[in-house]
Amino acid sequence: MIFPDLLIQTLVLGFLGLGAGVLGGVIGFGTTIILMPALVYFYGPIQAIPVIALVATVANLSRIFLWWGAINWKVCFVYSITAIPAVILGVNTLVALNDRLVEITLGLFLIFLIPIRRWMRKKNFYLKLWQMSLVGAGIGYLTGIVATTGAINTPFFLAFGLTKGAFLGTEAASTLSILLTKGITFHQLGFLNAAAIVQGLLIGGFVLIGSIFSKRIVLALPEEKFLLLMELVMLISGASILAMSF
């Protein structure tokens, strides 16, 4: 890649990373959804997923730091104990698929998340602690296959009774175990090389800067407006990835 192209790529991903960091820090998801179309365009669908996993790892670490005192560690343990083996199975499923199928899966997944999340919110689910292990298994497997599951992960943590800082911190800490397992698995399968690590950490740095500003506005911004905004983001991102597959 020549220098002008590399500079443009860095500026685009850096700008998106800043915005994604702020938005993801406020509502607990959306960081990778915003970045996904650009990453798929620059790196391809398979290589983009481990890069996204690294970016999401940095984003979750920032949320854990910001909301450390509010984290429910029992939920993190119960969720992670089933999510870790499930994500390994999901990654091994992913690498057996072809690039175009992965792109179509990513695009459709984001679009279908919109009605799925609305349905779950209307049902007003309330989950017990042991049921979070079932959630961990399902989300872990999905996370191994697709780039992001934060949007569908969110209703389950809210259904357990976690809100605002407790939700943001607990969801981030629980998801971190999935992301670390996913990164290790990709590395063992040869998809997470040194270049992907550098790219992921660089973009993650921009996300981290953006997330620093999020804590100040978590309580000030109406949740409903952000959920509607994220549905729009998911729709645009999903449609963009589908368009790139043809």
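Leu61 and Phe167 are not part of a single hydrophobic cluster, where members link through side-chain heavy atoms under 4.5 Å apart. Tracing side-chain contacts under 4.5 Å through hydrophobic residues (I, L, V, M, F, W, Y), one never reaches Val207 starting from Phe15; they form parts of separate clusters. The cluster map of Ile, Leu, Val, Met, Phe, Trp and Tyr, joined by side-chain heavy atoms under 4.5 Å apart, puts Val91 and Ile81 in the same cluster. The hydrophobic cluster containing Phe112 also contains Phe156, counting ILVMFWY residues as joined when their side-chain heavy atoms lie under 4.5 angstrom apart, directly or transitively.
In this structure, Thr143 OG1 and Ile52 CD1 are separated by 12.0 Å, a value rounded to the nearest 0.5 Å. Here CG of Asn72 is found 5.5 Å from CZ of Phe160. Values are rounded to the nearest 0.5 Å. Here Ile64 contributes atom CD1 and Trp68 contributes atom CH2; the two are 7.5 Å apart, rounded to the nearest 0.5 Å. Taken from CG in Asn92 to CD1 in Ile88, the straight-line distance is 8.0 Å, to the nearest 0.5 Å. Atom CG of Leu162 and atom CD1 of Ile71 lie 11.0 Å apart (nearest 0.5 Å).
With Ile203 as reference, Leu39 is the one residue of Leu39, Leu54, Val58 to meet the side-chain contact (heavy atoms from CB on, under 4.5 Å) rule.
Under the 4.5 Å side-chain criterion, counting only non-hydrogen atoms from C-beta, Trp130 is not in contact with Val78. Contact annotation: the side chain of Ile84 never approaches that of Ile178 to less than 4.5 Å [non-hydrogen atoms, C-beta and beyond]. In this structure, the side chains of Thr93 and Tyr141 come closer than 4.5 Å at one or more pairs of heavy atoms. Val87 is not listed as a side-chain neighbour of Leu179, based on a closest heavy-atom distance of 4.5 Å or more.
Judged by distance alone, with hydrogens and angles left aside, the side-chain atoms of Thr82 form a donor-acceptor pair with the main-chain N or O of Ser133 at under 3.5 Å. Checking side-chain atoms of Glu171 against main-chain N and O of Leu168 turns up no donor-acceptor pair under 3.5 Å. Here the side chain of Ser177 pairs no donor or acceptor atom with the backbone of Ser80 at under 3.5 angstrom.
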- Passes side chain to side chain contact (heavy atoms under 4.5 Å, CB included), Phe157 versus Ser174? Steps please. CA-CA 10 Å; Phe157 283 85; Ser174 300; 3.6 Å; yes
- Message: Checking Thr175 against Tyr79 for the side chain to side chain donor-acceptor pair (under 3.5 Å) test, could you report, in this order, the C-alpha distance in whole Å, the side-chain angles of both residues, the deciding distance, and whether it holds?
- Response: CA-CA 9 Å; Thr175 306; Tyr79 180 93; 4.8 Å; no
